[in-house]
> 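Below is one structure. I have some questions about it.
A quick note: this is a predicted structure, and the numbers were derived from the prediction, not measured.
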Amino acid sequence: MFTVLLDQGSDGRTYLGWLLSGLGWTLSLAFFGWWIAFAIGVVVGIGRTAKNKYIAVAARLYVEIFRNVPVLVQMFLWYFVLPELLPTSAGNWMKQMPPPWGAFYPALFCLSFYTAARVAEQVRAGLEALPQGQSEAAAALGLSGRKTYRFVLVPQALRLIIPSLTSEVMGIYKNTSVALTIGLLELTAQARQISEETFQTFAAFGAATIIYLALALVAYQFMAWIDRKVRIPGTSTSQKKTRSVNVPRLQEGASS
């Protein structure tokens, strides 16, 4: 079934080479997009819990705009609309970038800003899940608000939200497929080209599906490994279950 991938395409490369080329662009988009999104998301998430109302409103406005506008619409805005809004020289420079960079950078910024809005909400939830006593203890020690976030709140919040961030890491890999709409030959676009050239639709998209599944599993295992390494002691679900079972037994022993 997948033997067609070993045939040569119109450019002399095998169709498997096409898929691997698309995989390279998918990995580049997801990798760099994730780190940009994570950096922006942490800052915006902190802003969502800031006491300064102007910062809080600006952070919420960012989240509401980028999270609620479909990623496909945002992709078109970055690629088609942004060059028209910039000064003429900057807009022409963006339009004249050689492929695939002319499509790669708009796709990168689109995925980064979209994912950052989702990460920001995870960070906000993690900060709000911390006991109020954490902030009060930091204030009692004389820490400023900035140092409280930097040394006390944010490190704990990030360790708490790693399981929920796993879905965002996996999501950015899947969202890279939207970049095909602006001409970037990532994995899905290459699978579509193979399908159009060979009429082997099942083989082309079946191979792409297997690759996406493998990427998702690797990302999940990697995030699970990070979660085990940085987990706050006493927050494990298994530990909580063990404690809930042991407490009644201790009480029964004491009563007998």
> Could you walk me through whether Glu84 and Lys95 pass the side-chain contact (heavy atoms from CB on, under 4.5 Å) check?
CA-CA 9 Å; Glu84 305 298 332; Lys95 295 176 184 177; 2.7 Å; yes

> Find out whether Ile210 and Phe2 are in side-chain contact, i.e. whether some heavy atom of one side chain is under 4.5 Å from a heavy atom of the other.
yes

> Please report the C-alpha distance between Tyr105 and Trp78 in whole Å, then the side-chain angles of each, then the deciding distance to 0.1 Å, and finally whether the ring pair (Phe, Tyr, Trp, His ring centres under 6.0 Å) criterion is met.
CA-CA 9 Å; Tyr105 287 115; Trp78 280 97; over 10 Å; no

> Is the number of heavy atoms from other residues, nucleotides or ligands within 6.0 Å of NZ (Lys147) greater than 12?
no

> Is there a donor-acceptor contact under 3.5 Å from the side chain of Glu186 to the main chain of Ala189?
yes

> Keeping the roles fixed (side chain from Gln156, backbone from Val152), state whether a donor-acceptor pair exists under 3.5 Å.
yes

> Can you tell me how the ring of Phe66 sits relative to the ring of Tyr62, calling it parallel under 30°, perpendicular over 60° and tilted otherwise?
tilted

> Ignoring hydrogens and geometry, is there a side-chain-to-backbone donor-acceptor pair from Thr115 to Ser112 under 3.5 Å?
no

> Any side-chain heavy atom of Thr201 within less than 4.5 Å of one from Ile194?
no

> Is there a chain of hydrophobic side chains (I, L, V, M, F, W, Y, each step under 4.5 Å between heavy atoms) that links Val43 to Phe109?
no

> Could Arg124 and Glu121 be called an ion pair, given the rule that one side-chain N must be under 4.0 Å from one carboxylate O?
yes

> Hey, are the side chains of Leu6 and Tyr15 touching, using non-hydrogen atoms and a 4.5 Å cut-off?
no

> Would you call the rings of Trp25 and Trp101 parallel, tilted or perpendicular if under 30° counts as parallel and over 60° as perpendicular?
perpendicular

> Side chains of Asn92 and Gln96: donor-acceptor distance under 3.5 Å anywhere?
no

> Report the C-alpha separation of Glu197 and Arg192 in whole Å, then their side-chain angles, then the decisive distance to 0.1 Å, and conclude whether the salt bridge (Lys or Arg N to Asp or Glu O under 4.0 Å) test is met.
CA-CA 9 Å; Glu197 186 162 313; Arg192 187 175 67 175; over 6 Å; no

> What residue among Thr14, Thr198, Leu19 forms side-chain contact (heavy atoms from CB on, under 4.5 Å) with Leu5?
Leu19

> Under a single-linkage definition using a 4.5 Å side-chain heavy-atom cutoff for Ile, Leu, Val, Met, Phe, Trp and Tyr, are Leu111 and Leu72 assigned to the same hydrophobic cluster?
yes

> Do Leu61 and Val44 share a hydrophobic cluster, counting only Ile, Leu, Val, Met, Phe, Trp and Tyr and linking them when any side-chain heavy atoms are less than 4.5 Å apart?
yes

> Run Arg118 and Gln122 through side-chain contact (heavy atoms from CB on, under 4.5 Å) and show every step you take.
CA-CA 7 Å; Arg118 300 178 61 88; Gln122 304 288 356; 5.8 Å; no

> Rounded at 0.5 Å granularity, tell me how far OG in Ser135 sits from NZ in Lys51.
7.0 Å

> In the structure I gave you, are the side-chain heavy atoms of Pro83 and Leu86 within less than 4.5 Å of one another anywhere?
no

> Measure the shortest side-chain to side-chain distance between Arg13 and Ser21 over non-hydrogen atoms and say whether it is less than 4.5 angstrom.
yes

> If you link ILVMFWY side chains whenever their heavy atoms are less than 4.5 Å apart, which other residues fall into the same cluster as Leu213? By chain and number, please.
Leu217

> Do you know the tightest heavy-atom contact between Ala179 and Ala107?
CB-CB, 3.9 Å

> Measure the spacing between CG of Leu85 and CG of Leu77 and express it to the nearest 0.5 Å.
9.0 Å

> Do Leu23 and Leu180 land in one hydrophobic cluster if side-chain heavy atoms of ILVMFWY residues count as linked below 4.5 Å?
no

> Between OG of Ser28 and CG of Leu184, what distance do you get to the nearest 0.5 Å?
9.5 Å

> Can you list every pair that meets ring pair (Phe, Tyr, Trp, His ring centres under 6.0 Å) and has a residue in residues 173-220, with sequence neighbours left out?
none

> If only atom types and distance count, is the side chain of Gln74 paired as donor or acceptor with the main-chain N or O of Val69 below 3.5 Å?
yes

> Can you tell me if Arg159 uses its side chain to pair, donor with acceptor, with the backbone of Val230 under 3.5 Å?
yes

> Holding to ring-ring contact (aromatic ring centres under 6.0 Å, His included), I want the full list of residues that pass it with Phe76, two or more places apart in sequence or in another chain.
Phe80

> Side chains of Val119 and Trp34: does their closest heavy-atom pair fall under 4.5 Å?
yes

> Output the distance between atom CD1 (Ile211) and atom OG1 (Thr188), rounded to the nearest 0.5 Å.
10.0 Å

> How long is the gap from CG on Leu160 to CG on Leu127, to the nearest 0.5 Å?
9.5 Å

> What's the verdict on side-chain contact (heavy atoms from CB on, under 4.5 Å) for Leu27 and Leu215, showing C-alpha distance, side-chain angles and the deciding distance?
CA-CA 9 Å; Leu27 291 174; Leu215 289 177; 3.6 Å; yes

> Kindly say whether Met223 contributes a backbone atom to a donor-acceptor pair with the side chain of Thr166 at under 3.5 angstrom?
no

> Between Tyr79 and Thr181, is the side chain to side chain donor-acceptor pair (under 3.5 Å) condition met? List the steps.
CA-CA 10 Å; Tyr79 186 71; Thr181 59; over 6 Å; no

> Applying a strict under-4.5 Å side-chain criterion to I, L, V, M, F, W and Y, I'd like to know whether Phe151 and Leu141 cluster together.
no

> Using the rule given for salt bridge (Lys or Arg N to Asp or Glu O under 4.0 Å), can you reason through Glu128 versus Arg48, listing the C-alpha separation, both sets of side-chain angles and the distance that settles it, and then say yes or no?
CA-CA 10 Å; Glu128 292 180 348; Arg48 292 279 279 125; over 6 Å; no

